[in-house]
Amino acid sequence: MSEQVFGLSVNQVMAYTAIANVLLVVLLAAINVYYAGHAKRQADAAREQVAASNRQSEIAAETLSLLRKQMDQQHRTDIASVALQLKVAVHVIEDWLKRISADKHPQLPDEIGILPPDFSLATQRANSIDNIVAENMGAASLHVAEAETNLRLMRHRNPEEPEGWKDHQQKATKSLNTAKYKLSVARTRWEAMAEQQP
């Protein structure tokens with residue numbers, strides 16, 4: 001009696017089983033190849049993300065370096081600008097003191113402005129670096145404003161009557177001398193600080 005299973009001989013069943021096993025192996029190999037390819041694409045994408053992240057970090061580092069250089073340059077510019085403003089302000093005050101120190105009524109301009117218009121900006125810059133210098137500059141500005149007020153009052157007095165304008169002259173002189181002192185203190189401190197900068 002020949003052995004048959006499902007109408008097939010044992011050898012045929014074993015042959016079909018071997019073919020099915022080969023097809024199953026081929027199918028599993030194809031699935032493995034597909035997943036290997038997918039894994040490779042994911043690995044490539046991950047490498048690209050790492051490379052992009054590295055480029056971004058390099059760009060961020062370069063940007064930070066540029067910002068630091070700009071901040072250092074702005075700091076040096078602020079130091080030079082405030083130093084110049086202090087020198088100019090002291091010089092202008094000395095000129096005004098000479099102008100009003102005479103015994104006769106001085107010729108005063110229609111517009112009295114002693115400090116340069118950007119002196120307040122220099123005071124703000126100084127405040128960002130050394131607030132004591134800025135405080136002295138601010139105090140000097142107040143004394144100069146008081147002197148300007150007295151000079152305006154003096155300009156409207158009769159030059160032939162010294163008692164009418166001498167008091168304003170003395171007050172303006174006192175205010176300008178105080179402002180000059182405050183600016184000299186600020187300038188000395190500022191120059192000492194500027195020498196210590198790299």
Side-chain angles (χ1 to χ4, degrees), residues 59-198:
I59 291 170
E62 289 174 9
T63 302
L64 184 59
S65 175
L66 286 173
L67 286 174
R68 284 186 181 144
K69 287 178 184 176
Q70 286 177 343
M71 286 175 53
D72 290 343
Q73 183 178 8
Q74 183 63 46
H75 185 73
R76 287 190 300 273
T77 301
D78 287 349
I79 288 174
S81 174
V82 171
L84 178 64
Q85 287 292 327
L86 287 169
K87 288 178 187 177
V88 168
V90 168
H91 180 71
V92 168
I93 288 174
E94 288 173 348
D95 286 348
W96 273 94
L97 285 169
K98 289 176 190 172
R99 176 185 269 186
I100 65 172
S101 66
D103 287 335
K104 62 180 184 167
H105 189 277
Q107 294 295 325
L108 297 173
D110 291 337
E111 290 293 321
I112 296 177
I114 297 174
L115 293 177
D118 52 353
F119 188 78
S120 61
L121 178 61
T123 304
Q124 291 173 1
R125 288 180 175 167
N127 190 43
S128 69
I129 298 171
D130 186 340
N131 60 354
I132 294 175
V133 170
E135 288 173 8
N136 280 311
M137 291 173 74
S141 293
L142 292 175
H143 289 288
V144 166
E146 184 179 335
E148 288 172 348
T149 301
N150 280 303
L151 290 171
R152 285 185 193 99
L153 292 171
M154 189 171 103
R155 183 181 65 217
H156 296 295
R157 299 291 183 192
N158 184 357
E160 304 301 323
E161 298 175 12
E163 61 276 350
W165 56 267
K166 273 291 194 192
D167 184 48
H168 295 294
Q169 180 190 32
Q170 291 170 353
K171 288 179 182 178
T173 301
K174 181 180 178 185
S175 294
L176 288 176
N177 278 323
T178 304
K180 180 181 170 187
Y181 170 76
K182 293 287 187 183
L183 290 174
S184 296
V185 169
R187 183 176 172 190
T188 301
R189 182 177 173 92
W190 192 259
E191 288 174 350
M193 180 271 307
E195 289 175 3
Q196 295 175 355
Q197 298 296 315

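These figures come from a predicted structure and were not determined experimentally.
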### Spatial distance of atom CD1 (Ile114) from atom CD1 (Ile93) [nearest 0.5 Å]
7.0 Å
### Query
Any chance the side chains of Asn150 and Glu146 put a donor and an acceptor closer than 3.5 Å?
no
### Message
Could you check whether any side-chain N or O of Arg152 sits under 3.5 Å from a backbone N or O of Ile112, counting only pairs where one atom can act as donor and the other as acceptor?
### Response
yes
### Query
Residues in side chain to side chain donor-acceptor pair (under 3.5 Å) with Gln124, at least two apart?
none
### Query
If you look at every heavy atom in Ala140 and Lys182, which pair is closest and at what distance?
CB-CB, 3.9 Å
### Query
Could you state the interatomic distance from CD (Gln169) to OG (Ser101), rounded to the nearest 0.5 Å?
7.5 Å
### Asn177 side, atom CG; Lys174 side, atom NZ - distance, nearest 0.5 Å
10.5 Å
### Query
Which atom pair, heavy atoms only, marks the closest approach of Ile79 to Trp190?
O-NE1, 3.0 Å
#### Entry: Basic-acidic side-chain contact under 4.0 Å: Glu191, Arg187
yes
### Task
Nearest 0.5 Å please: distance from the CG atom of Leu64 over to the CE atom of Met71.
9.5 Å
### Message
Does this structure show an ion pair linking Arg76 with Asp72, if we count only N-O contacts that are shorter than 4.0 Å?
### Response
no
### Query
After noting the C-alpha distance and the side-chain angles of Leu67 and Thr63, does the key distance pass the side chain to side chain contact (heavy atoms under 4.5 Å, CB included) rule?
CA-CA 6 Å; Leu67 286 174; Thr63 302; 4.2 Å; yes
#### Entry: Chi angles and distances behind the side chain to side chain contact (heavy atoms under 4.5 Å, CB included) call for Leu121, Arg125
CA-CA 6 Å; Leu121 178 61; Arg125 288 180 175 167; 4.0 Å; yes
### Task
Take Asp167 and Lys171 through the test salt bridge (charged side-chain N to carboxylate O under 4.0 Å, His left out) and record every step on the way to the result.
CA-CA 6 Å; Asp167 184 48; Lys171 288 179 182 178; 3.4 Å; yes
### Summary
Hits for side chain to side chain donor-acceptor pair (under 3.5 Å) against Arg189, two or more places apart or cross-chain, chain-then-number order -> Asp130
### Query
So, for Ser175 and His143, which heavy atoms are closest and what is the spacing to 0.1 Å?
CB-O, 3.3 Å
### Task
Check the pair Ile129, Val82 against side chain to side chain contact (heavy atoms under 4.5 Å, CB included), reporting the backbone distance first and the verdict last.
CA-CA 10 Å; Ile129 298 171; Val82 171; over 6 Å; no
### Task
Nearest 0.5 Å please: distance from the CG atom of Leu183 over to the OG1 atom of Thr188.
10.5 Å
### Value rounded to 0.5 Å, distance of CD in Glu148 from CG in Leu115
6.5 Å
### Query
Please walk me through it: do Trp96 and Leu151 pass side chain to side chain contact (heavy atoms under 4.5 Å, CB included)?
CA-CA 10 Å; Trp96 273 94; Leu151 290 171; 3.6 Å; yes
#### Entry: Heavy-atom closest pair, residues Thr123 and Gly138
CG2-N, 4.2 Å
## Note on the structure
Taking every heavy atom of Ala186 against every heavy atom of Asn136, the minimum-distance pair comes out as CB-CB, 3.8 Å
